[in-house]
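Worksheet for the structure shown next.
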Amino acid sequence: MQEKYQPAEIEHALQKRWEETGAARATEGSSKPKYYCLSMFPYPSGKLHMGHVRNYTIGDALARFHRMRGYNVLQPMGWDAFGMPAENAAMQNNIPPAQWTYANIAYMKQQLNRLGFAIDWQREVTTCKPDYYRWEQWLFTRLFAKGLVYKRLGTVNWDPVDQTVLANEQVIDGRGWRSGALVEKREIPMYYMNITAYAEELVNDLDTLQGWPEAVKLMQKNWIGKSLGCEVCFPIVLKGSEGFAESAEPPVLKVFTTRPDTLMGATYVAIAAEHPLATQLAAGTFSQNGLGNTPNPALQAFIDECKQGSVAEIDMAKLEKKGIATGAFVRHPLSGEQLPIWIANYVLMGYGTGAVMAVPAHDARDFEFATQYALPIRQVIAPAGESAQDAAPTDSSSAAGAWSERAAEPGVCINSGVYDGLSFQDAFEAIARDLSARDLGARRTQFRLRDWGISRQRYWGCPIPIIHCARCGDVPVPDESLPVMLPEEVQVTGAGSPLAKMPSFYECYCPRCGKPARRETDTLDTFVESSWYFLRYCCPDNTQDMLDERVAYWCAGGVDQYIGGIEHAILHLLYARFWTRLMRDFGLLDGSAFEPKKLDGAGKWAQPKPDAVRQATILQDGQPFSLSEPFANLLTQGMVIAPTYFRLNSEGKKQWINPADVSLKLDERGRPISAVGKEDGLPVAIGDTEKMSKSKNNGVDPQALIDQYGADTARLFIMFASPPDQSLEWSDAGVEGAFRFLKRLWRLVFEHVSLGLAVPLSDTPQALDNLSADLKNLRRQLHQTIAKVSDDYARRKQFNTAIAAVMELLNAYSKFSEAQSGANDSADSALLPLRRALQQEVLEAIVLMLAPITPHISAALYAELRPSRAQLETAIPLNFPKVDEQALVQDEVELILQINGKLRGSLLLPANAERSLIEAAALASEAAQRHLAGQTPKKIVVVPGRLVNIVL
RNA sequence: GCCGAGAUGGCGGAAUAGGUAGACGCAGCGGACUCAAAAUCCGCCGGUGGUGACACCAUGGGGGUUCGAUUCCCCCUCUCGGCACCA
């Protein structure tokens, strides 16, 4: 055995062997239970960053742990390869996006292998390759035929100088990031996916996800935002138009409200600037009884003003509330009162009907707006707990005081005529009923969730398989013409869509009538690729079908463990849940659909199916395979965050500087006060601490860490630094400690092995009866540690505490060994063989417990400890240690002694001591006597196995 | 602005079901070994008072429930994530 720990040497040797033997390959149809361990695939941005290392180390640790526990494990990896950064790189470096992407993939794949992840690379999926994206084109055409994909206008950020659509990220302070031009909203035709059709199911099924964090389920629930309320119709009137034609049905303005109980407090209505009524009133095309047909330039000016700025909701929400009275009115559906129609920038066209009834007394936003524009505020709800009499009736703008959150809470109706005195629920019912009777409203369920716009006016994405024909309309590309290939040689300029400038791409013939037609040049949102990649891992080699029955084997009951960043808690996970249901409803995830398929000629899968696969396909708990929820257990990893640094360039734009190129000046307490560039020594501004990202250039490259210390130290350190679901501010202080620990482990094993191997104590049960106290104690700690570590891996998924427990055990081992070497020549040397056997048992267990996290050193050390058993040919050759319950038994326990809840001492008592004995011992103790000073205790609290509290 | 999460020594963090606050590690200080250095090993290490035993204070801030609160409840501050075209 080598005396020194040399990570580079052992890691390279093992990685080579694992690769040669296909150690991480997963095959269907073993008798073991399956465990599908999935990590979110990376965007190939160039290099791995610390977030990747953290994510994939967690995944690998869980995969290896379960393999050691006897599972048939699948751990795949792939590339979320379409997206904007490739186009930006193309512009910056004049390199085609495809070339840039494939180069990054090659580099990052090598980095992943250097970290020793047990990935089954035979299942690698790359989303920018036609053999992947062809299937989403294929499904798109079917979704389109069923109306689950449809076309309508959508609003985008428009850069008027570059004449191009911008992503929200490309809009900085309301300006285009390249041109600096003020961004405008523009409506263009786009394709949408009808996710709202599944809103009910998506929100209801959250309750079935027992393996998901509550926070994620809550965020999804709020995002979908199911609310019960009323649709209320306000008939539109123009001043002076009443009485002309009473019989004529006036057009109505529809609003949605969750608070119909406040309807009598509505003092105006507000519509979004994009609302059709706003457009008509401004243009003078809304007319009634000969009125309202003159254009209103002031309205038009306000609507145009609202068109400025980005479409991002966060920007909209931060806007100062502004509005304009249209001069038009509506009639209150119950009171008949006339209320003014305002156009307001705080009303979103995307939610509900794009119009709201405003109740300033009981809604914070309406209150702010009404206060600003001196609109009436009418209190109609008495706060719960206060009687209706106590609340002063108000009906004037002068009553406007400060807003109190309590005003928005449900209470009892006042100032509401026939509804006075009714509770929220009763008023809701009564008003809904009365509206319904007048045909001016009805109960309605409204979702906050909007349909998913999937068109992108960009090049590096999956082409949308539609052909626009002047005669036939939008025609889906027929199966035999799929895939629509994305040309890989292209000029990206940042102005407009490259595909729209390539006649060779868009010129085509209509598949229906054969006449010249134009191919769609938009590409799909990259969230589409990441919505189903985990299913394709099961069958990436199938050239005949999108999915096959191997999905039924690996995804029975869902992916067993999904691991990824908390930033994906809403969008990605919701889209994946949605797509899984779409594929289910198209029979793609249906056991019976797999069965009769012809699979011959498709390559590998033409082989007879293993029984386990067939059974998974046909029967699962007596039901045919079907999948709705893709991820049974979800671990949302906290962000790896780092400070951002920047300088302003001559145009006033921020140039982000990587933390590696910055040196900090610290104050006495170690806090950064200023920063300078390492190269030039010039000052650098310190920005926020944010998630590592390409756009803020604050990612830390783990490569240096791996080069210096090896993969095991990098893995150990990042897992030890904090629990996986917590965000982690990057600092490499402490890496040294992880490395030291591995060196120390190596040395202790070396010292043990040098004295000759022993048979572990656990293999000689007859010896266990003769253990001395110190042997018993160490062995108890060993098995307590095994129990704790197993629980941390399997249930808690908290690795920092598992590592800490192993470190403690190694400390105890070290003390024990030292004491032993002093005792060797004394009388108890008869115990020497037992001591050696226990040391062997402890070291083997430590090495195995660490194997999921530090697989290389573990495999190498186990080979020294158990040369006969170590099968280094396979990736995870070893069984996880088992707890010996007998070793945990304790004769005496320490109880904490408290007096009035304060720690005053401890008691050593038999583990089975009765309450009376515990109380007596507590009262008799020296500490109790001192504090009691003759007083009689009021009561004594005994918590078995933990503490005694004497209350005075 | 809205939704979600978090805040514990000089630093990362532990305390799993309301029961010893600070495990484990980093940094620091002292010592051993060494010609010396590195490496390694041993000891100390939240604050205040005390020679000491010990006492008091302390888990972002303020209040509450409890024999007992880092943990539960209410209010507030700050930080992080998401907000539909970053992925």
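Every chain is numbered from 1, with letters handed out A, B, ... down the list of sequences. All values below were derived from every heavy atom in this structure, side-chain atoms included, with hydrogens, water molecules and symmetry-related copies excluded.
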Flag the pair A:Phe799 / A:Tyr793 as yes when their ring centroid distance falls below 6.0 Å, and as no otherwise. yes

I want to verify a distance call: between [options], whose nearest atom is closest to the [X] side chain?
| X | options | answer |
| --- | --- | --- |
| A:Val943 | B:U16, B:G19, B:U20 | B:G19 |
| A:Ile641 | B:C80, B:A14, B:A23 | B:C80 |
| A:Glu567 | B:A87, B:C85, B:A27 | B:A87 |
| A:Pro85 | B:A87, B:A84, B:G12 | B:A87 |
| A:Ala317 | B:G1, B:A84, B:A14 | B:G1 |

Of all residues at least two apart in sequence or in a different chain, which pass the side-chain hydrogen bond (donor to acceptor under 3.5 Å, both in side chains) check with [X]?
| X | value |
| --- | --- |
| A:Tyr5 | none |
| A:Trp79 | A:Glu124 |
| A:Lys691 | none |

When the [atom1] atoms of [M] and [N] are compared, how many Å lie between them, rounded to an integer?
| N | M | atom1 | value |
| --- | --- | --- | --- |
| B:C78 | B:G61 | P | 15 Å |
| B:A38 | B:C54 | C1' | 43 Å |
| B:C3 | B:A84 | C1' | 13 Å |

Between the base of B:U16 and the side chain of A:Lys788, is one N or O donor paired with an acceptor at under 3.5 angstrom?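 Yes.
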
Between atom [atom1] of [X] and atom [atom2] of [Y], what is the distance when rounded to the nearest 0.5 Å?
| X | Y | atom1 | atom2 | answer |
| --- | --- | --- | --- | --- |
| A:Leu38 | A:Phe534 | CG | CZ | 8.0 Å |
| A:Glu274 | A:Glu187 | CD | CD | 7.0 Å |
| A:Thr936 | A:Ile950 | OG1 | CD1 | 12.0 Å |
| A:Arg178 | A:Gln170 | CZ | CD | 9.0 Å |

Counting any heavy atom closer than 4.0 Å, what does [X] reach on the DNA or RNA strands: base, sugar-phosphate only, or nothing?
| X | result |
| --- | --- |
| A:Leu449 | base |
| A:Arg904 | sugar-phosphate |
| A:Thr689 | sugar-phosphate |
| A:Val156 | base |
| A:Glu729 | nothing |
| A:Phe527 | base |
| A:Arg795 | base |
| A:Glu313 | base |
| A:Tyr43 | sugar-phosphate |

Is the backbone of [Y] close enough, under 3.5 Å, to the side chain of [X] for a donor and an acceptor to pair up by distance?
| X | Y | value |
| --- | --- | --- |
| A:Glu87 | A:Val492 | no |
| A:Lys694 | A:Ser45 | yes |
| A:Trp746 | A:Gln2 | yes |

If only side-chain N and O atoms of [X] are considered, is one of them under 4.0 Å from the OP1 or OP2 phosphate oxygen of [N]?
| X | N | value |
| --- | --- | --- |
| A:His572 | B:C86 | no |
| A:Arg740 | B:A38 | no |
| A:Asn811 | B:A23 | no |
| A:Lys691 | B:G82 | yes |

Taking [atom1] from [X] and [atom2] from [N], how many angstroms apart are they, rounded to a whole number?
| X | N | atom1 | atom2 | value |
| --- | --- | --- | --- | --- |
| A:Phe367 | B:G1 | CZ | C1' | 17 Å |
| A:Leu742 | B:G25 | CG | C1' | 13 Å |
| A:Asp732 | B:C26 | CG | P | 14 Å |
| A:Ile896 | B:A15 | CD1 | C1' | 13 Å |
| A:Glu87 | B:A87 | CD | P | 9 Å |
| A:Arg456 | B:A87 | CZ | C1' | 12 Å |

Using atom names, set out every protein N or O paired with an N or O of nucleotides 69-76 of chain B below 3.5 Å, distance rounded to 0.1 Å.
none

Those residues that, when tested against [X], pass salt bridge (charged side-chain N to carboxylate O under 4.0 Å, His left out) (two or more places apart):
| X | result |
| --- | --- |
| A:Asp791 | A:Arg795 |
| A:Glu320 | none |
| A:Lys226 | A:Glu200 |

Report the C-alpha distance between A:Glu214 and A:Lys217 in whole Å, list the side-chain angles of each, state the deciding distance to 0.1 Å, and finish with yes or no for salt bridge (charged side-chain N to carboxylate O under 4.0 Å, His left out). CA-CA 5 Å; A:Glu214 289 303 321; A:Lys217 288 192 274 185; 3.3 Å; yes

Hey, does A:Ile454 have a side-chain heavy atom less than 4.5 Å from the side chain of A:Ile464?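 Answer no - side chains too far apart.
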
Kindly assign one of parallel, tilted or perpendicular to the pair A:His568 and A:His572, based on the angle between their ring planes and the thresholds 30° and 60°. perpendicular

Tell me whether the rings of A:Phe82 and A:Trp460 are parallel (<30°), tilted (30 to 60°) or perpendicular (>60°).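 Perpendicular, since the angle between the ring planes exceeds 60°.
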
Using atom names, set out every protein N or O paired with an N or O of nucleotides 63-67 of chain B below 3.5 Å, distance rounded to 0.1 Å.
residue : atom : partner  : partner atom : Å
B:C67   : O2   : A:Asn949 : ND2          : 2.4

RNA chain B: A:Met639 or A:Ala738, which has the more 5' nearest nucleotide?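 The 5'-side residue here is A:Ala738.
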
Closest-nucleotide mapping onto RNA chain B: is A:Tyr575 or A:Arg747 further toward the 5' terminus? I mean the 5' end.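 Closer to the 5' end of RNA chain B: A:Arg747.
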
For residues 730-743 of chain A, tabulate all N or O donor-acceptor pairs below 3.5 Å that involve a side-chain atom, not counting sequence neighbours.
residue  : atom : partner  : partner atom : Å
A:Ser731 : OG   : A:Ala733 : N            : 3.1
A:Glu736 : OE1  : A:Tyr709 : OH           : 2.9

Only Watson-Crick and G-U wobble pairs with both distances less than 3.5 Å should count. Give RNA chain B in dot-bracket notation, marking inter-strand partners with |. (((((((..(((......[....))).(((((.......))))).((((....))))..(((((..]....))))))))))))....

Pairs under 3.5 angstrom, nitrogen or oxygen only, protein versus nucleotides 57-60 of chain B, please.
residue : atom : partner  : partner atom : Å
B:C57   : OP2  : A:Lys902 : NZ           : 3.3

Nucleotide N/O of nucleotides 3-9 of chain B paired with protein N/O under 3.5 Å:
residue : atom : partner  : partner atom : Å
B:C3    : O3'  : A:Asn222 : ND2          : 2.8
B:C3    : O2'  : A:Asn222 : ND2          : 3.1

